[in-house]
Amino acid sequence: MKKKSIVLSLAVVILIVAAGCGNTANKKSESSNSELKSNENKSATTSSMMIEKDSVVYTAVVKEDSSSEIGQIWVENLVPVDSTNETPEIFKEDVVLLTDGSNVFNGNNEKISLDEIKLGDEVEITVDADPVSTMSIPPQIPGKAVHKIILK
């Protein structure tokens, strides 16, 4: 009888300790998840602030029909929307914007396909303030430097 009560007491103690450890792990997990979400929100906010702060918005005219298959928009006549900015010399004639199409919108800020952008259309382009580009003719701006393209 005494043996049974010792074993039963030991089992109860083990269950209490195990339950306590499980709750601590859950609290730590919940705390980690909330910290992770908080960091993601801070990162997203910082990222959007960087896009606004370190980017320039241009208007341009589409020189050639765009294609989702090729993943580029060929534009000319880049003019900064903000008159305090200047168009870099290398971009004064033609520029090819490389994009996967995920950053292309219409005037109502609705996502559209690259195939909808045609010769002669006016677009508004948000790019890095000092974008990396190829030295080819025409220069090409890679997708990471092209933040948003809006069909006017």
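Residues: numbered from 1 along the sequence shown. Every value quoted in this text rests on a predicted model; they were computed, and no experiment measured them. Note that these values count all heavy atoms, side chains included, but never hydrogens, waters or copies made by symmetry.
Side-chain N or O atoms of Asp82 include none that pairs as donor or acceptor with a backbone N or O of Asn85 at under 3.5 Å. Side-chain atoms of Ser133 never come within 3.5 Å of backbone atoms of Ile141 as a donor-acceptor pair (strictly under, hydrogens ignored).
Clustering of Ile, Leu, Val, Met, Phe, Trp and Tyr side chains at separations under 4.5 Å places Trp74 together with Val96, Leu98.
With sequence neighbours excluded, the residues forming a side-chain contact (heavy atoms from CB on, under 4.5 Å) with Val57 are Val81, Glu124, Thr126, listed by chain and number. In this view, Asp100 and Ser102 satisfy the side chain to side chain donor-acceptor pair (under 3.5 Å) rule, not counting sequence neighbours. Evaluation of the salt bridge (charged side-chain N to carboxylate O under 4.0 Å, His left out) rule for Asp65 yields no partner, not counting sequence neighbours. Legend: residues meeting salt bridge (charged side-chain N to carboxylate O under 4.0 Å, His left out) with Lys148, ordered by chain and number and at least two apart, are absent. Residues satisfying the side-chain contact (heavy atoms from CB on, under 4.5 Å) criterion with Pro142, sequence neighbours excluded, are absent altogether. With sequence neighbours excluded, the residues that form a side chain to side chain donor-acceptor pair (under 3.5 Å) with Ser113 are Ser68, Asp115. Asn108 pairs by the side chain to side chain donor-acceptor pair (under 3.5 Å) definition with nothing, not counting sequence neighbours. Residues forming a side-chain contact (heavy atoms from CB on, under 4.5 Å) with Ser136 (at least two apart in sequence, or on another chain): Thr134, Gln140. Residues satisfying the side chain to side chain donor-acceptor pair (under 3.5 Å) criterion with Ser67, sequence neighbours excluded, are absent altogether.
Applying the salt bridge (charged side-chain N to carboxylate O under 4.0 Å, His left out) test to residues at least two apart or on different chains, none of the pairs has a partner in residues 127-144.
Across Asn77, Asp94, Ile73, Val95, a single residue satisfies side chain to side chain contact (heavy atoms under 4.5 Å, CB included) together with Lys63, and that is Asp94.
Going from atom CD1 of Ile117 over to atom CG of Leu151 covers 5.5 Å, rounded to the nearest 0.5 Å. Taken to the nearest 0.5 Å, the CD atom of Glu76 stands 15.5 Å off from the NZ atom of Lys92. In this structure, CG on Asp121 lies 12.5 Å from NZ on Lys152, to the nearest 0.5 angstrom.
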Item to check | Test log, rule side-chain contact (heavy atoms from CB on, under 4.5 Å), inputs Val75 and Val61 | outcome: CA-CA 5 Å; Val75 297; Val61 176; over 6 Å; no
Item to check | Derivation of the side-chain contact (heavy atoms from CB on, under 4.5 Å) call for Thr59 and Glu122 | outcome: CA-CA 7 Å; Thr59 58; Glu122 185 176 332; 3.9 Å; yes
Checklist entry - Please walk me through it: do Leu114 and Thr99 pass side-chain contact (heavy atoms from CB on, under 4.5 Å)? => result CA-CA 9 Å; Leu114 280 172; Thr99 179; 3.8 Å; yes
Next on the checklist: Set out, in order, the CA-CA distance, both residues' side-chain angles and the distance that settles side-chain contact (heavy atoms from CB on, under 4.5 Å) for Ile150 and Asn106, then state yes or no.
Outcome noted: CA-CA 5 Å; Ile150 301 174; Asn106 65 16; over 6 Å; no
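Nearest heavy-atom pair across Lys111 and Gly101 is NZ-O, 2.8 Å. What you find for Leu78 and Thr87 is that their closest heavy atoms are O-OG1, 3.0 Å. When all heavy atoms are compared, the tightest approach of Pro139 to Phe91 is CG-CD2, 4.0 Å.
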